[in-house]
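Each chain gets a letter, A, B and so on, in the order the sequences are listed, and its residues count up from 1.
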Number of protein chains: 2
Amino acid sequence: MKKEIGTEEKIKDAAKAVFLQKGFSGCTTREIAKASGMNVALVNYYFRSKNQLFQLIFQSVMEEFIQSLIQVFQEDMPLKEKMRILIQKRYEFVEKNPEFPNFIHNELGRNAEFNRQNKNIFDKIATSGIFEEARDAQQKGEMRSIDMFHVTILIMSNCDFPFISRHFHLSMHEISEKEMNLKLKEHRLLVTEMLMNYLFPKPSE
Amino acid sequence: MKKEIGTEEKIKDAAKAVFLQKGFSGCTTREIAKASGMNVALVNYYFRSKNQLFQLIFQSVMEEFIQSLIQVFQEDMPLKEKMRILIQKRYEFVEKNPEFPNFIHNELGRNAEFNRQNKNIFDKIATSGIFEEARDAQQKGEMRSIDMFHVTILIMSNCDFPFISRHFHLSMHEISEKEMNLKLKEHRLLVTEMLMNYLFPKPSE
DNA sequence: AACTATTTTAAACAATTGTTTAATAAAGGA
DNA sequence: TCCTTTATTAAACAATTGTTTAAAATAGTT
């Protein structure tokens with residue numbers, strides 16, 4: 001269980017933590033260096049520039065982020081069940097990585113170039129078969145017939161946003177972090193029920 | 001219709017635009033000065049520091065943001081109707097001010113001190129009577145009995161997040177800005193139906 | 001051991017940052 | 001008009017930024 005990690009890895013780990021918390025323009029190279037226990041020159045020795053280091057981190061974070069959305073779809077079960085588990089896994093992923101959503105959307109918003117670079121990452125979703133599988137279910141009448149654009153936004157909205165707006169609700173409802181975490185755990189159940197009811201309506205109505 | 005605005009106002013307007021788009025640490029005093037057509041010294045002449053200027057802008061943006069959440073509750077109509085209109089108004093507000101949510105949550109996350117400063121703003125919600133009115137409806141069985149914590153998150157999630165994740169979906173679904181805006185308009189209808197169905201379930205089930 | 005390549009360090013670089021100064025221009029009141 | 005206040009400007013300030021340099025330490029090889 002000993003982890004004898006080299007300095008390159010140390011810097012990468014520290015950079016990920018700092019970038020996630022403060023964003024690209026919210027931190028300095030020296031801050032990353034200090035967080036990793038190294039000095040400034042080493043950061044550029046291994047990664048050439050703050051920008052390249054960020055690019056590297058962003059890419060990997062983005063990949064993790066996307067992966068958590070589609071991993072469920074490799075398993076073999078009915079779409080409705082997949083969807084329920086997807087929502088659960090997604091929620092739990094963001095719960096473990098609360099800074100991910102804000103980080104990604106924030107940096108994506110400020111850096112329009114990333115869109116081109118991450119095209120291959122997005123392709124992973126397109127080729128995962130989610131969309132086709134959903135369309136089938138929709139044609140069979142099992143699933144509500146709405147564009148997958150809406151489906152993805154609905155899921156991400158309800159899984160990601162609670163953690164994006166963490167501090168906001170912390171202030172508004174005047175609760176402690178502990179209470180907050182409990183309520184957020186509770187929230188997953190509501191979200192799952194609401195989304196499932198909406199996406200797979202009872203045939204009676 | 002002529003607007004003969006002074007330099008103080010010009011700077012404030014430019015600062016709001018720049019801050020909203022790039023965040024506090026994502027822009028410089030000189031950038032704000034240039035955007036307003038003035039020079040750097042004038043920014044500090046009127047607002048003492050970049051930090052104070054930001055504080056001022058953030059405060060006003062926060063107020064607008066909160067106000068859009070509660071304005072409906074001053075009118076006199078049944079809670080269910082109020083809620084439907086609230087969702088609609090809220091969605092349309094964010095549609096007109098797409099940078100608001102990301103800006104607020106981003107800056108709130110990085111600056112924990114704001115929480116104390118904005119306590120009086122949050123009080124506006126608490127004293128608006130929303131919470132009591134909802135509790136009444138819940139006791140009468142008209143509304144689903146869940147904590148208002150969940151209700152606010154559900155509404156904000158589905159109204160705000162689509163615009164926070166704008167660039168993400170722009171890349172993922174490979175659509176143009178025009179198409180995006182159309183789909184987002186469409187999305188409001190889904191969101192409203194889903195939320196209303198969940199918050200005010202049919203008594204049959 | 002001697003030599004080479006790699007890693008690490010402290011110091012310096014120029015550019016940019018927020019902020020201030022001191023001089024000038026404009027406005028307003030007596 | 002003269003004087004005081006307010007507004008505006010260009011220039012400078014010190015601190016911080018990302019990045020580089022050149023020397024020292026370490027590791028690896030023969």
Side-chain angles (χ1 to χ4, degrees), chain A residues 2-61 103 106-107 109-114 117, chain B residues 2-61 103 106-107 109-114 117:
Chain A
K2 69 171 174 181
K3 34 182 167 180
E4 186 83 39
I5 54 172
T7 72
E8 184 171 356
E9 214 69 16
K10 276 190 207 162
I11 294 174
K12 215 183 328 193
D13 291 349
K16 183 178 174 182
V18 174
F19 278 142
L20 271 169
Q21 211 207 333
K22 308 204 171 189
F24 177 78
S25 54
C27 71
T28 69
T29 317
R30 283 168 176 82
E31 195 176 350
I32 293 172
K34 182 172 277 185
S36 68
M38 306 292 124
N39 64 46
V40 235
L42 278 175
V43 176
N44 275 19
Y45 175 75
Y46 282 105
F47 302 98
R48 305 198 63 84
S49 74
K50 182 193 180 189
N51 208 22
Q52 278 205 38
L53 175 54
F54 178 79
Q55 230 71 359
L56 198 77
I57 301 293
F58 185 83
Q59 194 86 0
S60 76
V61 167
F103 171 74
N106 200 37
E107 300 293 346
R110 308 218 191 295
N111 214 327
E113 305 170 39
F114 289 176
Q117 301 179 7
Chain B
K2 69 171 175 182
K3 33 183 169 181
E4 187 82 38
I5 54 172
T7 71
E8 185 172 356
E9 213 70 15
K10 275 189 208 163
I11 295 174
K12 216 185 324 194
D13 290 350
K16 184 178 174 182
V18 175
F19 278 142
L20 273 169
Q21 211 208 332
K22 307 205 174 188
F24 176 78
S25 54
C27 72
T28 69
T29 316
R30 283 168 176 81
E31 194 175 351
I32 293 172
K34 181 171 278 185
S36 68
M38 306 292 124
N39 64 48
V40 233
L42 278 175
V43 176
N44 276 19
Y45 175 75
Y46 282 106
F47 302 98
R48 304 198 65 84
S49 72
K50 181 193 179 188
N51 209 23
Q52 279 204 38
L53 174 55
F54 178 79
Q55 230 72 0
L56 197 77
I57 301 295
F58 185 83
Q59 194 86 0
S60 77
V61 167
F103 171 75
N106 200 37
E107 300 294 347
R110 310 217 189 294
N111 214 326
E113 305 168 39
F114 289 174
Q117 302 178 8

Take atom CD of B/Q55 as the centre, draw a 6.0 Å sphere, and report whether it contains more than 12 heavy atoms from other residues, nucleotides or ligands.
yes
Between A/S49 and D/dG18, does any side-chain N or O lie under 4.0 Å from OP1 or OP2?
no
Rounded to whole Å, the CD-C1' distance (A/E31 to D/dT17) equals 12 Å
A/E8 CD - C/dT8 C1' separation (whole Å):
14 Å
Write down the atom of A/S49, the atom of A/N44, and the distance for their closest heavy-atom approach.
CA-OD1, 3.7 Å
Taken to the nearest whole Å, CZ/B/F47 to C1'/D/dA7 is 14 Å
Give the minimum heavy-atom separation between A/I57 and A/K12, together with the two atoms involved.
CD1-O, 3.6 Å
Close side-chain approach of B/F24 to B/F58, heavy-atom, < 4.5 Å:
no
Think B/T29 has a side-chain N or O under 4.0 angstrom from the OP1 or OP2 of C/dT17?
no
How many Å lie between NZ on B/K34 and P on C/dG18, as a whole number?
14 Å
Please tell me whether A/N106 and A/R110 have a donor and an acceptor in their side chains that are separated by less than 3.5 angstrom.
yes
Starting at CZ of B/F19 and ending at C1' of C/dG18, how long is that distance when rounded to a whole Å?
12 Å
Can you confirm whether or not the ring centre of B/F19 sits under 6.0 Å from the ring centre of B/F54?
yes
Contact list (N/O, under 3.5 angstrom) for nucleotides 9-16 of chain D vs protein:
from	atom 1	to	atom 2	distance (Å)
D/dT9	OP2	B/N39	ND2	3.1
D/dT9	O5'	B/N39	ND2	3.3

Starting at CG of B/N44 and ending at P of C/dT19, how long is that distance when rounded to a whole Å?
5 Å
Separation of C/dT8 C1' from A/I11 CD1 (nearest whole Å)
10 Å
Kindly indicate whether the side chain of A/V43, heavy atoms from C-beta on, has any atom under 4.5 Å from the side chain of A/M38.
no
Shorter than 3.5 Å, N or O on both sides, protein versus nucleotides 23-25 of chain C: list them out with atom names.
none

Given C/dT8, C/dT19, D/dG18, identify the nucleotide with an atom nearest to the side chain of A/Y46.
C/dT8
Partners passing salt bridge (charged side-chain N to carboxylate O under 4.0 Å, His left out) against B/K50 (at least two apart in sequence or in another chain):
none
Distance-only, no hydrogens or angles: does the B/N39 side chain make a donor-acceptor pair with backbone N or O of B/L42 under 3.5 Å?
yes
